[in-house]
Structures are given as structure tokens and as C-alpha cells.
Amino acid sequence: VPNIVIFHGVFNKWIIPFSHLIRRKKVPYLIELHGALSKQNMKVSTFKKTLYNTFFLNHIIKKSHGIIFLNKGELSNSTVTHLNKNLLIIPNGCECTDSIASHSHDKLELMFLGRLDIEHKGLDLMITAVKRAYHIGINLHLSMYGRGYNDELKWLEKELKGYEGVIDFYGEAFGKEKQEAFLKADVLLLTSRYEGFPITVLEALSYGVPCIVTPHTNVGDIIEKNNCGWVTELSEEGITSAIQKSSEYSKIELRTIGEHCKCIASEYSWEKIAEKSIKEYKKIK
């Protein structure tokens with residue numbers, strides 16, 4: 001019998017029987033939402049989620065020993081904080097590396113890595129903004145990596161037609177390919193409409209890649225406070241402006257920022273996050 005159980009995510013039917021089983025066994029459990037049940041997230045498939053929450057999930061959350069949030073932004077934006085008084089904050093972490101992006105290309109090398117969810121990741125605004133930046137004369141290239149469904153891939157193919165060499169999609173990236181993608185990037189773009197705590201940003205920082213993010217990514221305060229990039233409003237104009245600002249930095253300046261980014265990422269190493277997690281778990285009775 002385990003000392004404690006952590007449920008990662010809530011939109012999985014198995015949480016219903018398993019939570020019932022471990023309550024019978026009198027095993028404490030926590031629920032980590034990973035961005036689920038935020039105000040924005042609940043706007044998608046609202047009716048189905050409301051039914052699921054009303055008949056199953058709310059009871060499971062109430063009976064849990066606490067809810068884990070990834071940061072204060074996710075906590076304040078959640079729709080379920082009234083269900084449980086024990087609210088914990090344990091952020092995501094990243095693998096730290098000795099490698100650092102070269103920032104040596106003639107063009108401004110932009111990068112996106114993530115699910116090809118058009119609404120969630122704000123890809124419609126991102127791609128339009130990159131096109132606008134290109135048309136006002138910024139010498140840039142956006143490399144896109146990720147996985148999507150057929151409809152999303154068809155949409156992306158249509159959006160990129162005629163912009164080959166300006167915006168290119170390379171499919172999913174793992175291992176060495178993913179590492180090489182970060183190492184050749186100057187700036188990571190993440191223009192999400194909502195997030196929990198995106199690991200892709202931590203990964204970028206660990207490779208010395210500054211980021212352009214929207215406030216809805218919930219990492220804007222880290223980026224802004226530590227001068228690790230640029231926070232933009234969620235609009236085509238705002239994202240274009242942020243891209244333009246980043247293009248005004250020399251490669252030497254971007255590398256200097258990158259070295260600082262690596263220092264910030266080290267504060268979120270998995271080792272430190274593990275220590276914090278265990279410390280919080282031990283408080284559960």
C-alpha cells in the first residue's frame with residue numbers, strides 16, 4: 001500500500017474508480033491539475049465538463065488531501081479552489097544542461113515547440129504575427145515542432161503555403177533532434193491563450209534561449225522579472241511588436257541574456273522540484 005497517491009490530471013475516467021479504491025484503503029491522495037479546470041479551459045466543451053465535474057470530479061476533489069497547482073497564476077485562475085482548503089504550489093521542472101544556444105545565425109531564428117492546438121497555443125495569432133514581422137522587413141525564420149491531428153495539420157499546411165523558408169514545420173522532435181532545435185534557436189515563441197506551467201519555456205531557458213510569451217502562459221512574471229525575454233499581450237500586433245523588439249538585440253546581447261536564462265532555469269531543476277515535492281508530501285496526514 002503506498003504512503004500517498006498523486007493524480008496527474010483529471011479528465012481521465014480511471015480517476016473515478018481509483019480514487020474510490022484508495023479512499024477505501026485510507027490512503028491520502030493529492031490532485032495535480034496541470035492547467036485543467038482553469039476559467040479558460042472550462043470554456044472548451046463546457047457542457048460535458050460541467051456534467052463530469054458535477055456528478056464525479058467535484059466529490060473526488062473535496063475528498064482529496066489537497067490540490068496541487070503549478071504556480072500562483074494557475075491557482076488564482078482555477079474554478080475549483082473553493083472545493084478544498086489545502087492548496088499547494090509545486091512547479092514543473094526541467095533537465096539542466098551544459099549546452100547553450102549559439103545565437104550565431106544571420107536571421108532571427110524563432111522557435112515553437114508544443115501541441116499544434118490552434119486555439120490553446122494561439123497559433124493563429126503567432127503565425128499571422130510572424131508573417132507581419134516578415135513583411136515589415138525583419139529577417140527571420142520560424143521553426144515549428146509538434147504533434148497535431150489531421151485537421152490541425154491541414155490548417156497549418158494551408159497557413160504556411162507561400163511562406164516556405166520563412167515558417168517551416170518539422171513535425172515532432174525528441175532527443176538529439178529536440179536538443180539541436182533549441183541550440184539553433186534565438187527566441188522561443190509561446191503565445192498560448194491558457195497554460196498551467198509550460199515545460200517548453202523552462203527547457204528553452206535551460207539552453208539559454210530567451211522567450212516571447214503571453215501573460216496567459218503563467219510564466220510571464222518569471223520572464224519579465226528576470227529579464228529572460230519579452231511578455232506580449234495576446235494579439236497579432238503585440239506579438240509582432242515583441243518579435244521586432246527581440247530582433248533589435250545583437251547576437252552577442254542575446255547570448256548574454258541566454259547565459260542569464262540558464263541561471264534562472266537551474267532554480268527549476270528536477271532535483272530542486274523533487275526536494276520541494278517530498279517536503280510538501282510529508283506534511284500530508
Side-chain angles (χ1 to χ4, degrees), residues 1-12 14-16 18-39 41 57-98 190 192 194-208 211 213 215-229 260-285:
V1 179
N3 297 114
I4 189 169
V5 172
I6 315 297
F7 287 108
H8 288 271
V10 290
F11 295 123
N12 186 316
W14 293 109
I15 193 175
I16 299 171
F18 273 113
S19 62
H20 178 69
L21 174 63
I22 61 178
R23 283 200 302 274
R24 285 179 55 194
K25 297 287 186 180
K26 300 189 183 303
V27 176
Y29 68 91
L30 298 167
I31 296 177
E32 186 160 353
L33 298 178
H34 291 285
L37 304 180
S38 67
K39 295 170 185 175
N41 184 278
L57 190 57
N58 288 352
H59 178 72
I60 294 170
I61 293 174
K62 284 179 182 178
K63 292 295 183 179
S64 75
H65 285 66
I67 310 171
I68 300 175
F69 296 94
L70 296 168
N71 52 38
K72 290 180 180 178
E74 185 192 5
L75 190 155
S76 64
N77 204 28
S78 175
T79 59
V80 294
T81 52
H82 63 288
L83 296 176
N84 197 302
K85 65 179 181 179
N86 193 18
L87 309 176
L88 311 176
I89 294 179
I90 303 176
N92 277 329
C94 65
E95 295 287 345
C96 293
T97 172
D98 293 330
L190 189 63
S192 305
Y194 55 91
E195 287 285 354
F197 192 83
I199 293 180
T200 186
V201 170
L202 294 181
E203 289 179 319
L205 297 181
S206 74
Y207 282 99
C211 305
V213 301
H216 311 79
T217 59
N218 281 330
V219 289
D221 56 340
I222 294 173
I223 297 299
E224 201 164 50
K225 178 182 175 182
N226 297 290
N227 297 315
C228 290
H260 183 58
C261 290
K262 287 183 69 67
C263 293
I264 300 304
S266 68
E267 296 300 312
Y268 292 89
S269 69
W270 279 121
E271 290 81 3
K272 290 186 178 180
I273 299 304
E275 290 175 4
K276 178 178 175 61
S277 300
I278 292 170
K279 184 178 179 180
E280 292 294 337
Y281 297 161
K282 285 182 176 179
K283 296 177 184 177
I284 304 300
K285 297 180 180 180

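Numbers here simply count residues along the sequence, with the first being 1. Just so we're clear, the structure is a prediction, and the values are computed from it rather than from any experiment.
At least one side-chain heavy atom of Phe197 sits under 4.5 Å from a side-chain heavy atom of Ile222. Using a 4.5 Å heavy-atom threshold, the side chains of Leu190 and Thr200 count as touching. Counting only heavy atoms from C-beta outward, the side chains of Pro2 and Lys25 never approach each other to under 4.5 Å. Considering only heavy atoms from C-beta on, Asn86 comes within 4.5 Å of Ile284 through its side chain. With a 4.5 Å cut-off on side-chain heavy atoms, Ile90 and Tyr281 count as touching. Considering only heavy atoms from C-beta on, Val80 comes within 4.5 Å of Leu33 through its side chain. By the 4.5 Å heavy-atom criterion applied to side chains, Thr81 and Phe69 are counted as neighbours.
Judged by distance alone, with hydrogens and angles left aside, the side-chain atoms of Ser78 form no donor-acceptor pair with the main-chain N or O of Leu75 at under 3.5 Å. Side-chain atoms of Ser277 come within 3.5 Å of backbone N or O of Ile273 as a donor-acceptor pair. The backbone N or O of Asn218 sits less than 3.5 Å from a side-chain atom of Asn71, completing a donor-acceptor pair. Panel note: side chain His8, backbone His34; no donor-acceptor pair is recorded below 3.5 Å. Asn84 places a side-chain N or O within donor-acceptor distance of the main-chain N or O of Ile61, the cut-off being under 3.5 Å.
Of all non-hydrogen atoms in Ser206 and Thr97, the two that sit nearest each other are O-CG2, 3.4 Å. Here the shortest heavy-atom pairing between Glu280 and Leu88 reads OE1-CD2, 3.8 Å. Between His260 and Asn227, the shortest heavy-atom contact is CD2-O, 4.3 Å. Considering all non-hydrogen atoms of both residues, Gly196 and Leu70 come closest at C-CD1, 3.7 Å. In terms of heavy-atom proximity, Val213 sits nearest to Gly220 at CG2-CA, 4.0 Å. Cys211 and Ala204 get closest at one heavy-atom pair: SG-CB, 3.9 Å.
A distance of 4.5 Å separates CD1 in Ile199 from CH2 in Trp270, rounded to the nearest 0.5 Å. Annotation: the span from Glu74 atom CD to Ile68 atom CD1 amounts to 10.5 Å, rounded to 0.5 Å. In this structure, NE2 in His20 is found 11.5 Å from CD1 in Ile16, a value given to the nearest 0.5 Å. Atom CZ of Arg24 and atom OG of Ser19 lie 12.0 Å apart (nearest 0.5 Å). To the nearest 0.5 Å, the span separating CD1 on Ile31 from OG on Ser64 amounts to 4.5 Å. Taking CG of Asp98 as the start and OH of Tyr207 as the end, the distance is 10.5 Å to the nearest 0.5 Å.
Applying the salt bridge (charged side-chain N to carboxylate O under 4.0 Å, His left out) criterion to Glu267, with sequence neighbours excluded, gives Lys272. Residues passing the side chain to side chain donor-acceptor pair (under 3.5 Å) test with Tyr29, sequence neighbours excluded: Arg23.
Test Asn77, Leu57, Leu83 against Leu37 for side-chain contact (heavy atoms from CB on, under 4.5 Å) and you get one pass: Leu57.
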**OP:** Verify side chain to side chain contact (heavy atoms under 4.5 Å, CB included) between Ile223 and Val201, making sure each step is shown before the conclusion.
**Re:** CA-CA 9 Å; Ile223 297 299; Val201 170; 4.1 Å; yes
Original post:
Would Asn12 and Phe7 satisfy side chain to side chain contact (heavy atoms under 4.5 Å, CB included), going step by step from the backbone distance to the final call?
Top reply: CA-CA 10 Å; Asn12 186 316; Phe7 287 108; over 6 Å; no
